[in-house]
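By convention here, the first residue in the shown sequence is residue 1.
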Amino acid sequence: MPRLSLVIPVYKVQGYLAECLDSVLGQDYTDFEIIAVDDHSPDGSGAILDEYAQRDARIHVIHLTENVGLGRARNAGMEKVRGDYVLFLDSDDTLTDGALRAIAERLEAAGDPEILVYDYSRSYWDGRVRPNQRAELLQPDGPETFPLSERPQLLNLLQIVWNKAYRRDFVTENGLTFPPGYYEDAPWTFCSMISAEHIAVLNRVCVMYRQRREGGNILKTVSRKHFDVFDQYRRVFDYLDARPELAQWRAPLFRKMTDHFLTILERPDRLPADARVEFFHRAAADYRARLPQGFQRPGGGRGHKYAMLEKDAYTAMAGATAAVKLRRAVRTRTRTAINRSKRSAMGVFYQSQLRLPLDENLALFSAYWSRSVSCNPAAVDAELARLAPHVRRVWAVRPDAVDRVPEGVEFVRVGSKEYWAALARAKYLVNNVNFADSVVKRAGQVHLQTHHGTPLKTMGLDQRKYPASTDMDFDKLLERCDRWDFSISSNRFSTAVWERVYPCSYESLESGYPRNDVLVNGTADDVRRARAALGLADGAKAYLYMPTHREYQPGFVPSLDLARLADELGPDVTLLVRGHYFYGAGSSHVAELRRTGRIVDVSGHTRVEELYLAADALITDYSSAMFDYAVLDRPIVIYAPDWDIYSAVRGTYFNLLQESPGAVATSQAELIRLLGSDEYGGQEAAARRAAFRRRFCEFDDGRAAERVVRRVFLGETQPLPFVPFAERSHAPAPAQALAAVERA
């Protein structure tokens, strides 16, 4: 039997769950089990739990068939625990290093108390950590263990269950369970603390309590569910009524109840406006029904509010909170003034357009900072034309890129009046990066963030850990991300990353990448046309080389000698190079290779999908191209001569050398050897690629663009089913395409 059992309820936390589990599994104390309860989570949380359980036998997963809420999910977990002590951990929080060992040692030193209370700190998205403001209550003053009557001030700690270890037989003997509804911690916390005869404390921070920027808990939710608080305190006082020996706690718990009611009333982000009077009358009724004989109200303004509850005087209570409302109004006016100042900087014309109605049938597209008509936005554009031709589709294009706009595409020049008018009035804004800081998100506008790759390197807030690679203003970044309504993802891995590193209130669309639809649906003719456009002869072998950018380098530093590579591979191989305007441009030898077509610079090619279709294999280092090219199930070679430096300076989410989509070379000589043999396309490389495809191409079934258009533009909420992975096709390889044409 394990010493400690941790119950972790899980619901819609795929962006944080791995960090939570890793914080437990990485403890230097190992005598524990995890009971993880998937509360019918609609995201990928359940699958993440199963993956962890396959790797570690200490994790036991329960999948509930319906969503029952936090309290009842904990109850389901408690039915399976076997440890001497039960601990609770919320699935977006983490344990600190050494926490379980400290808890276990304190339990032993205190002679197995019924409850051990330990400390926590709040951790914020911007890196701040704020200690528990009442940590002094956990100082080890006095005996090892004590009843609550000797330290009643412990009731002033936050009403939470996850800062305590509970002896399992104590929980069973007292019939402790979690009720349904909001504020489920109150009955459990109060009833357990007043019942315990032996409580111990540990003045060590064991839990990091995540303060999610986008909310994620009931304290950030305006709802009538806050009325659940009345049922929760009814349960507390029912518990007291059934145990006369605990009567001394009636007055302290009455005060906790009243303070809790007042807190809900005072916060503007909890009760709907039309429910406040009703809530007050319910609170007043409970106050008078449970008022202990001889109860002394607190002094000052708080005591005045107690008196208003006792008299059920809502009007007087509203007057007592007028000062709070006034301060809130002042803050609102200040924010409004700041926003007006920002709008003034945008120009009078943009301001005038913002006052006009939205055009419900206008969509503005942009890709790569308005440099091209390409990527996921272009694929969405094409599908929108098919499914909703009544929507006018306009592209934002930089003045220096208008000559590359395809024929027939309507566009506006960035910075022009037409551009600002479209930004102000378009119902739909679609981009694979962010629009400028100056763009105002209007009520009713829909922002679709398509992204432009699966992240190997760290992104968003995770980049704070690698300051050498960025000088980003993260506050500004998240203000831009606050405008998103939808965020596209091609796999659960990406979804979890996006939701964690861009913690804003958008809906994740696990649709697949629209730009990859052509890689699934492409035909032999599509492949041949793509190759012909690049001047590739039938039967010629073409390798696409796509190195990534290294932000920490002041300039471009070539890691591959293309001329030598071309010479070694021989005249029958063409290198398609997409990246920096390429290496050794001044070399006469390179110029000759370019003239003969042995090296083709495709850096300016706007449709990377066509390059994928044309290439027999991909050579890359750390580019997200590998995730898209894998859809084609063609050979991928990873050339990673500086992996140690790149992963240390830029930060990565997994070890590419160990989880690569194919053969790996760490030197040019090794790369040449691989490409000169059958190894890069052999069985081992194919097995690596198959595992990689299942993980990172799981939503790319050829219908991504349709899913996006139906959800975002047509408002359909029932997603298209995915084609089973084993049944999916993909565009034929060049040799297969040639054979198909010859057969035809």
Side-chain angles (χ1 to χ4, degrees), residues 350 353-354 358-442 444-453 480-481 483-490 506-507 509 511-518 604-610 628 703-715:
Y350 185 39
Q353 294 296 304
L354 290 170
L358 287 175
D359 185 338
E360 298 291 325
N361 293 314
L362 176 60
L364 181 65
F365 291 83
S366 177
Y368 298 116
W369 298 274
S370 299
R371 289 190 173 100
S372 62
V373 177
S374 62
C375 194
N376 291 315
V380 173
D381 175 340
E383 187 67 9
L384 184 61
R386 185 179 77 88
L387 291 178
H390 62 281
V391 177
R392 178 184 167 211
R393 307 173 330 278
V394 178
W395 279 79
V397 181
R398 288 169 33 152
D400 59 354
V402 297
D403 59 334
R404 296 191 294 274
V405 175
E407 186 176 352
V409 172
E410 183 178 357
F411 68 91
V412 291
R413 288 174 169 80
V414 173
S416 67
K417 282 189 173 182
E418 293 79 9
Y419 168 75
W420 288 111
L423 269 175
R425 301 198 59 195
K427 169 74 172 181
Y428 305 99
L429 299 177
V430 183
N431 209 331
N432 68 354
V433 291
N434 271 311
F435 286 97
D437 291 346
S438 55
V439 173
V440 173
K441 171 66 178 296
R442 294 183 62 178
Q445 272 189 327
V446 176
H447 282 231
L448 171 62
Q449 169 58 248
T450 72
H451 302 283
H452 54 275
R480 294 189 290 271
C481 298
R483 299 183 300 220
W484 302 355
D485 293 288
F486 297 96
S487 167
I488 289 179
S489 173
S490 59
Y506 50 79
E507 176 184 334
L509 285 184
S511 59
Y513 269 166
R515 72 181 182 198
N516 289 344
D517 287 350
V518 68
H605 201 293
T606 57
R607 295 296 180 99
V608 70
E609 309 92 82
E610 295 179 5
D628 300 325
R703 302 188 72 182
E706 183 179 356
R707 286 190 186 91
V708 172
V709 170
R710 290 189 179 280
R711 176 68 187 94
V712 177
F713 296 88
L714 302 181

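Under the 6.0 Å cut-off for aromatic ring centres, Y506 and F486 do not qualify, their centroids lying 6.0 Å or more apart. In this structure, W420 has its ring center closer than 6.0 angstrom to the ring center of Y350.
Proximity of V412 to L364: side-chain heavy atoms (C-beta onward) are separated by under 4.5 Å at one or more points. Side-chain contact between S487 and H451: present, with at least one pair of heavy atoms (C-beta onward) separated by less than 4.5 Å. Considering only heavy atoms from C-beta on, V712 comes within 4.5 Å of V446 through its side chain.
At least one donor-acceptor pair closer than 3.5 Å links the side chain of H605 to the backbone N or O of R607. The backbone N or O of A704 sits less than 3.5 Å from a side-chain atom of D517, completing a donor-acceptor pair. Counting only distance, with no hydrogens or angles, the side chain of K427 and the backbone of L358 share no donor-acceptor pair below 3.5 Å. A distance-only check finds no donor-acceptor pair linking the side chain of D485 to the backbone of L448 [under 3.5 Å]. Side-chain atoms of R483 come within 3.5 Å of backbone atoms of F435 as a donor-acceptor pair (strictly under, hydrogens ignored). Within the 3.5 Å criterion, the main-chain N or O of L362 finds no donor-acceptor partner in the side chain of Y428. A donor-acceptor contact shorter than 3.5 Å is absent between the side chain of R398 and the backbone of S370.
Partner of R480 under the side-chain contact (heavy atoms from CB on, under 4.5 Å) criterion, out of V433, D437, V439: D437 alone. Checking each of T450, D381, I488 against P514 for a side-chain contact (heavy atoms from CB on, under 4.5 Å) leaves exactly one that passes, namely I488.
Look at D400 and R371 and you find no salt bridge, because none of the NZ, NE, NH1 or NH2 atoms lies under 4.0 Å from a carboxylate O. Under 4.0 Å is where a charged nitrogen must lie from a carboxylate oxygen, and between R515 and E609 no such pair does. A salt bridge is absent between R393 and E410: the closest approach of a Lys/Arg side-chain nitrogen to an acidic carboxylate oxygen does not fall below 4.0 angstrom.
Minimum heavy-atom separation, A424 to Q445: O-NE2, 3.7 Å. Across all non-hydrogen atoms, the minimal contact from P377 to S374 is CD-O, 3.6 Å. Contact record, R392 with V394: NE-CG2, 3.6 Å, taken as the closest heavy-atom pair. The heavy-atom pair separating S511 from V708 by the smallest distance is OG-CG2, 3.5 Å. Contact detail for A379 and A705: the closest heavy-atom pair is O-CB, 3.9 Å.
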(message) If you apply the rule side-chain contact (heavy atoms from CB on, under 4.5 Å), what do you find for K441 with H447, and how did you get there?
(response) CA-CA 8 Å; K441 171 66 178 296; H447 282 231; 3.2 Å; yes
(request) Report the C-alpha separation of L387 and F713 in whole Å, then their side-chain angles, then the decisive distance to 0.1 Å, and conclude whether the side-chain contact (heavy atoms from CB on, under 4.5 Å) test is met. (result) CA-CA 9 Å; L387 291 178; F713 296 88; over 6 Å; no
(request) Test side-chain contact (heavy atoms from CB on, under 4.5 Å) on C481 and N434 and set out the steps. (result) CA-CA 7 Å; C481 298; N434 271 311; 3.8 Å; yes
(request) Step by step, work out the side-chain contact (heavy atoms from CB on, under 4.5 Å) result for L354 and V440. (result) CA-CA 8 Å; L354 290 170; V440 173; 4.1 Å; yes
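Here CD of Q449 is found 11.5 Å from CG of L509. Values are rounded to the nearest 0.5 Å. The distance from the CG atom of L423 to the CD atom of E418 is 12.0 Å, given to the nearest 0.5 Å. Considering CD of E383 and CZ of R710, their distance stands at 8.0 Å, rounded to 0.5 Å.
Ring-plane geometry between W395 and F365 is classed as parallel, the angle between the planes falling under 30 degrees on a 0 to 90 degree scale with a further cut at 60.
Remark: R413 CZ is loosely packed, at most 12 non-hydrogen atoms of other residues, nucleotides or ligands lying under 6.0 Å away.
In this model, no donor atom of one side chain and acceptor atom of the other lie less than 3.5 Å apart for N432 and N376.
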